[in-house]
K.L.:
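Below you'll find the structure I mean.
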Amino acid sequence: MSKNASRNTALNGICPYFTMFPLDFPYSILSRHASEGQWVIDPFCGRGTTNYASRLLGLPSIGIDSSGVAAALTEAKLANTSPQSILRAAQRILEEVGTPCHVPTGEFWEWAYHPDVLNVLCRLREGLLSDCNSDSRKALRAILMGALHGPLGKTKQSYFSNQCPRTYAPKPSYSVRFWKARDLNPNRVDVLRIITDRAIRYYAKEPKNAVGRIICGDSRSRTLYSRRKIRSPISWVITSPPYYGMNTYISDQWLRQWFVGGQSIVDYSNQEQMQHSSPEYFALQLKQVWQNVGSICVPDARLVIRFGGINERKNDSLPILKNSLKDSGWRIQTIKSAGTASKGYRQADHFTKAEAAREEHDIWATWKG
Ligand SMILES: C[S@@+](CC[C@H](N)C(=O)[O-])C[C@H]1O[C@@H](n2cnc3c(N)ncnc32)[C@H](O)[C@@H]1O
């Protein structure tokens with residue numbers, strides 16, 4: 001395997017997500033230790049950092065996440081396509097879906113998007129919901145999700161929305177108050193121009209031939225790991241589960257969640273997400289995931305977990321993780337400090353505005369199951 005694989009990493013930033021680990025984390029592990037042809041899996045893939053690192057190194061990979069937003073973003077990280085095909089996919093949908101069946105209504109939507117922009121977005125959404133099988137459509141979907149909300153540019157606007165944060169979807173009543181107080185109206189932006197600019201930025205130089213599969217599902221569920229779904233034995237598991245207490249993956253992404261088929265209101269449901277009711281129950285669920293992935297691994301496969309804690313929950317993170325690995329079939333080899341969160345890179349950042357960040361650890365284990 002080439003250790004000098006291309007490091008054009010623009011695609012990794014196709015859409016903001018939160019609590020991701022830095023690309024260098026999976027990339028440096030795999031570039032130093034993995035061999036050609038070895039399969040990689042991340043059972044909590046988030047925005048697909050592990051899968052993207054695998055792609056850069058020519059390694060085949062699997063990603064699992066129960067958030068439809070995360071799974072869609074990770075699919076785009078493995079898309080083999082070009083800016084021209086992405087633009088053609090968008091134009092084709094707009095030809096096919098002349099009038100959207102459903103356009104969300106209410107004060108938030110009136111202030112968030114110019115009506116013409118919302119109409120185009122709804123047509124694209126409907127086309128993608130009825131068919132998102134090709135790589136061009138998967139890439140288009142992630143591009144649209146990445147441009148769905150964000151700041152108004154000083155010169156050229158590169159998001160579809162009125163002034164918004166880009167990482168989190170804004171809560172409706174707060175945003176409407178904000179826009180009204182400042183008399184900020186949404187602009188009539190050119191959706192196809194924004195798609196084109198972004199398609200060039202993310203897909204013009206992408207290495208071709210990513211191999212892999214992304215599954216939108218609950219990693220705790222044993223049925224996901226059947227040989228029918230995951231055919232090749234896995235050699236590497238590189239992952240970062242939600243930290244104990246971190247349970248806003250769906251509600252904080254509610255606008256993108258809407259775009260991939262969710263409701264047009266904030267979605268507070270946490271179906272298929274890890275439950276955070278007690279450290280013991282949390283560890284038990286993680287253990288289930290470790291056993292599930294182990295069942296599709298080769299002997300002596302390696303598991304690398306980055307784990308930490310959030311200040312809202314005082315529990316030490318390391319005992320939770322060690323507990324989850326006990327009698328799971330994985331034998332712990334090393335535990336190293338990964339330091340504390342540095343701005344913009346670690347998942348604890350988003351919960352540590354007032355207090356110092358908590359220490360994170362990298363735990364290496366070997367499959368002996
Ligand atoms: C810390 S993030 C992973 C971030 C990832 N390392 C990255 O770089 O983007 C944890 C992810 O676990 C997902 N998740 C939570 N519960 C899950 C479950 N039961 N099954 C699968 N994914 C789950 C969340 O949706 C979230 O995307």
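Since we're looking at a predicted model, the values are computed, not measured. All ligand and atom numbering here is 1-based and tracks the order in the structure.
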K.L.:
Indicate whether the side chain of Thr81 and that of Asp135 have a donor and an acceptor atom separated by less than 3.5 Å.
P.N.:
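Note: Thr81 and Asp135 side chains miss the donor-acceptor criterion.
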
K.L.:
Apply side chain to side chain contact (heavy atoms under 4.5 Å, CB included) to the pair Glu96 and Arg123, showing each step before the final yes or no.
P.N.:
CA-CA 9 Å; Glu96 285 166 3; Arg123 286 158 67 197; over 6 Å; no

K.L.:
After noting the C-alpha distance and the side-chain angles of Asp316 and Lys322, does the key distance pass the salt bridge (Lys or Arg N to Asp or Glu O under 4.0 Å) rule?
P.N.:
CA-CA 11 Å; Asp316 280 341; Lys322 283 185 181 167; over 6 Å; no

K.L.:
Out of all atoms in ligand 1, which are within 4.0 Å of some heavy atom of Cys45? Include the element for each.
P.N.:
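Ligand 1 atoms under the 4.0 Å threshold to Cys45: 5 (C), 7 (C), 9 (O).
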
K.L.:
Quick one: which of Arg213, Arg141, Arg55 gives a salt bridge (Lys or Arg N to Asp or Glu O under 4.0 Å) with Glu75?
P.N.:
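That would be Arg141.
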
K.L.:
For ligand 1, which atoms, with element, lie under 4.0 Å from some heavy atom of Tyr17?
P.N.:
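Numbered from 1, ligand 1 contributes 25 (O), 26 (C), 27 (O).
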
K.L.:
Can an N or O of Ser240 be found at a distance shorter than 3.5 Å from an N or O of ligand 1?
P.N.:
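In this structure, Ser240 places no N or O atom under 3.5 Å from an N or O of ligand 1.
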
K.L.:
Heavy atoms only, cut-off 4.0 Å: how does Arg220 contact ligand 1, side chain, backbone, both, or neither?
P.N.:
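Within the 4.0 Å criterion, Arg220 contacts ligand 1 through side-chain atoms alone.
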
K.L.:
Can you sort out which atoms of ligand 1 are near Gly217, meaning under 4.0 Å from one of its heavy atoms?
P.N.:
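Contacts of ligand 1 toward Gly217, numbered from 1: 20 (N), 21 (C).
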
K.L.:
Show me which atoms of ligand 1 lie under 4.0 Å from any heavy atom of Asp218.
P.N.:
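It comes down to these atoms of ligand 1: 18 (C), 19 (N), 20 (N).
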
K.L.:
Between Ser66 and ligand 1, does any nitrogen or oxygen pair lie at a separation below 3.5 Å?
P.N.:
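By distance alone, the answer is yes.
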
K.L.:
Considering only heavy atoms of Arg47, which atoms of ligand 1 have at least one such atom less than 4.0 Å away?
P.N.:
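Those of ligand 1 that fall under 4.0 Å from Arg47 are 7 (C), 9 (O).
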
K.L.:
Hey, is the main chain of Asn133 close enough, under 3.5 Å, to the side chain of Asp131 for a donor-acceptor pair?
P.N.:
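Yes: the side chain of Asp131 pairs with the backbone of Asn133.
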
K.L.:
Going by the atom numbers of ligand 1, which of them fall below 4.0 Å from some non-hydrogen atom of Ser67?
P.N.:
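Within the 4.0 Å cut-off of Ser67, ligand 1 contributes 25 (O).
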
K.L.:
With a cut-off of 4.0 Å, which atoms of ligand 1 are near a heavy atom of Pro242?
P.N.:
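Contacts of ligand 1 toward Pro242, numbered from 1: 10 (C), 12 (O), 15 (C).
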
K.L.:
Give the single entry among Thr50, Asp65, Asn51 that approaches atom 13 (C) of ligand 1 most closely by any heavy atom.
P.N.:
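Answer by nearest heavy atom: Asp65.
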
K.L.:
Out of Phe21, Phe18, Phe44, who is nearest to atom 14 (N) of ligand 1 when you count heavy atoms only?
P.N.:
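Residue with the shortest heavy-atom distance to the ligand atom: Phe44.
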
K.L.:
Are any of the N/O atoms in Met20 less than 3.5 Å from those in ligand 1?
P.N.:
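Between Met20 and ligand 1, no N or O pair is found under 3.5 Å apart.
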
K.L.:
With a 3.5 Å distance limit and no angle check, can you tell me whether Arg222 reaches the backbone of Val289 through a side-chain donor-acceptor pair?
P.N.:
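Side chain of Arg222 to backbone of Val289: no pair is present.
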
K.L.:
Mark the output for Ser221 as yes if a heavy-atom distance to ligand 1 is under 4.0 Å, and as no if none is.
P.N.:
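Under 4.0 Å: no for Ser221.
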
K.L.:
Please work out which of Thr239, Leu23, Thr49 has its closest non-hydrogen atom nearest to atom 8 (O) of ligand 1.
P.N.:
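Going through Thr239, Leu23, Thr49 one by one, Thr49 has the nearest heavy atom to atom 8 (O) of ligand 1.
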
K.L.:
Within 45 degrees of the axis of the six-membered ring of Phe25 and under 6.0 Å from its centre: does Arg306 put its NZ or CZ there?
P.N.:
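Arg306 over Phe25 ring: yes.
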
K.L.:
Does Gln273 use its side chain to pair, donor to acceptor, with the backbone of Thr248 at less than 3.5 Å?
P.N.:
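Checked: no pair found.
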
K.L.:
Considering the options Gln291, Gln288, Gln285, which one meets the side-chain hydrogen bond (donor to acceptor under 3.5 Å, both in side chains) requirement together with Arg220?
P.N.:
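So, applying the side-chain hydrogen bond (donor to acceptor under 3.5 Å, both in side chains) to Arg220 and each of Gln291, Gln288, Gln285, only Gln285 qualifies.
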
K.L.:
Number the atoms of ligand 1 from 1 as they appear, then name those within less than 4.0 Å of a heavy atom of Ser219, with their elements.
P.N.:
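Here the atoms of ligand 1 in question are 18 (C), 20 (N), 21 (C).
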
